[in-house]
Amino acid sequence: MKANKISIIVTLLLTIIFLLISVLFTYCLYLEENLPRLKPLIINISIGAFTSSFLAMSISLINYFTLRRHYIAEYVSMVNCFSIIFRPYYNLYLNKAERCPDIEFYYIQKWFDYLLNYFHKPTSELDFFFEKNKITKVMDETTDILYKIYLRSIKITNKKSLYDFGVITMDEFEDAKVVFFDSINNIDGIPTANILTQNFEKICKYCKLTSKRKFEYKDL
């Protein structure tokens with residue numbers, strides 16, 4: 001997306017420049033009086049360059065919007081899939097189920113592995129022309145939440161390694177897990193699962209999901 005964005009800007013500038021040159025040379029009386037033979041050549045070259053730039057810009061725009069649709073769809077899918085694997089533990093947490101260390105760390109490892117494998121690609125590829133609009137604000141908030149969970153998962157995974165090698169005690173590791181779960185179940189005082197679900201729905205508001213699972217985006 002970034003390459004297409006830069007290409008659009010460059011070709012747009014070239015299109016404007018060569019259009020202005022064509023208009024200037026067409027209506028410039030000085031050139032007509034002093035360079036009557038050179039004037040048609042310059043106009044033809046400028047019009048040719050204008051046409052080429054406009055065509056290149058059109059191709060870049062098509063590629064940009066195609067990639068934007070693709071990467072936002074990937075991002076939406078990534079958030080939804082993480083919500084699905086996050087929700088079961090969150091339901092247990094809400095219902096104050098009896099703690100089970102093995103199951104708890106199973107979920108931690110599952111979240112960590114998923115974010116490690118799928119979190120970076122869709123977020124790194126996204127590059128919008130207008131950085132501050134409704135959908136980018138929601139995506140930034142969602143990305144920030146997932147990144148916090150990812151960093152905290154790394155920390156607790158490191159604690160598990162320290163416990164496995166006997167560097168810290170079982171009680172210290174359990175205390176670290178309690179802190180971890182409290183910190184991810186409520187980020188900035190709001191239930192994490194609720195935020196992810198709400199943000200997923202907000203992003204999908206700008207999309208029209210067809211039977212062929214294609215997204216049509218509005219106001220991006």
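Since the model is a prediction, treat every value here as computed from it, not as a measurement. This chain uses plain numbering: 1 for the first residue, then up along the sequence.
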>> Test of understanding: with ring pair (Phe, Tyr, Trp, His ring centres under 6.0 Å), list the residues that count as partners of Phe200, not counting sequence neighbours.
In response: none

>> Hydrophobic clustering (ILVMFWY, side-chain heavy atoms < 4.5 Å, transitive) - are Val79 and Ile84 grouped together?
In response: no

>> To the nearest 0.5 Å, what is the distance between CG on Asp175 and OG1 on Thr169?
In response: 7.5 Å

> Counting N and O atoms only, with roles assigned by atom type, does the side chain of Asn117 sit under 3.5 Å from a partner on the main chain of Asp113, one being a donor and the other an acceptor?
Replying inline: yes

> Do Tyr75 and Thr143 have a side chain donor and acceptor closer than 3.5 Å?
Replying inline: yes

> Can any side-chain N or O of Ser7 pair as donor or acceptor with the backbone N or O of Ala3 at less than 3.5 Å?
Replying inline: no

> Would a 4.5 Å heavy-atom cut-off, applied to side chains only, mark Glu201 and Thr197 as touching?
Replying inline: yes

> How long is the gap from CD on Glu174 to CD1 on Ile168, to the nearest 0.5 Å?
Replying inline: 10.0 Å

>> One pair to check against side chain to side chain contact (heavy atoms under 4.5 Å, CB included): Tyr114 and Met78. What are the steps and the verdict?
In response: CA-CA 9 Å; Tyr114 182 82; Met78 183 269 294; 3.8 Å; yes

>> Can you tell me how far apart CE (Met139) and NZ (Lys202) are? Round to the nearest 0.5 Å.
In response: 14.0 Å

> So if you build clusters from Ile, Leu, Val, Met, Phe, Trp, Tyr with side-chain heavy-atom gaps below 4.5 Å, do Leu55 and Leu61 land together?
Replying inline: no

>> Over 60° means perpendicular and under 30° means parallel, so tell me whether Trp111 and Phe86 are parallel, tilted or perpendicular.
In response: tilted

> Rounded to the nearest 0.5 Å, how far does OG1 of Thr157 lie from CD of Gln109?
Replying inline: 5.5 Å

> Are the ring centres of Phe18 and Phe50 closer than 6.0 Å?
Replying inline: no

> Just wondering, do Lys159 and Phe180 contact through their side chains at under 4.5 Å, heavy atoms?
Replying inline: no

>> Hydrophobic clustering (ILVMFWY, side-chain heavy atoms < 4.5 Å, transitive) - are Ile154 and Val167 grouped together?
In response: yes

> Considering only heavy atoms from C-beta outward, does the side chain of Tyr150 approach that of Leu116 to under 4.5 Å?
Replying inline: yes

> Can you name the closest pair of heavy atoms from Thr15 and Ser53 and give their distance?
Replying inline: OG1-CB, 3.2 Å

> Please walk me through it: do Phe82 and Ile149 pass side chain to side chain contact (heavy atoms under 4.5 Å, CB included)?
Replying inline: CA-CA 11 Å; Phe82 183 80; Ile149 295 174; 3.9 Å; yes

>> Once you measure the plane-to-plane angle for Tyr147 and Phe119, does it fall in the parallel (<30°), tilted (30-60°) or perpendicular (>60°) bin?
In response: parallel

> Are any of the side-chain heavy atoms of Thr192 and Lys148 separated by less than 4.5 Å?
Replying inline: no

>> When you compare the side chain of Lys177 with that of Ile108, does any pair of heavy atoms fall below 4.5 Å?
In response: yes

>> Same cluster or not: Ile9 versus Leu20, using hydrophobic residues (I, L, V, M, F, W, Y) connected whenever any side-chain heavy atoms lie under 4.5 Å apart?
In response: yes

>> Determine whether Ile156 and Phe173 satisfy the following criterion, side chain to side chain contact (heavy atoms under 4.5 Å, CB included), listing intermediate values before the conclusion.
In response: CA-CA 8 Å; Ile156 196 64; Phe173 178 55; 4.2 Å; yes

> Could you state the interatomic distance from CG (Leu67) to CD1 (Ile62), rounded to the nearest 0.5 Å?
Replying inline: 12.0 Å

> Once you round to the nearest 0.5 Å, how far does CG of Asp144 lie from CD1 of Ile195?
Replying inline: 10.0 Å

> Any side-chain heavy-atom pair from Leu146 and Leu196 closer than 4.5 angstrom?
Replying inline: yes

> Is Val179 linked to Tyr107 within one hydrophobic cluster, defined over Ile, Leu, Val, Met, Phe, Trp and Tyr using a side-chain heavy-atom separation of less than 4.5 Å?
Replying inline: no

> Can you tell me if CZ on Phe112 sees more than 12 non-hydrogen neighbours from other groups inside 6.0 Å?
Replying inline: yes

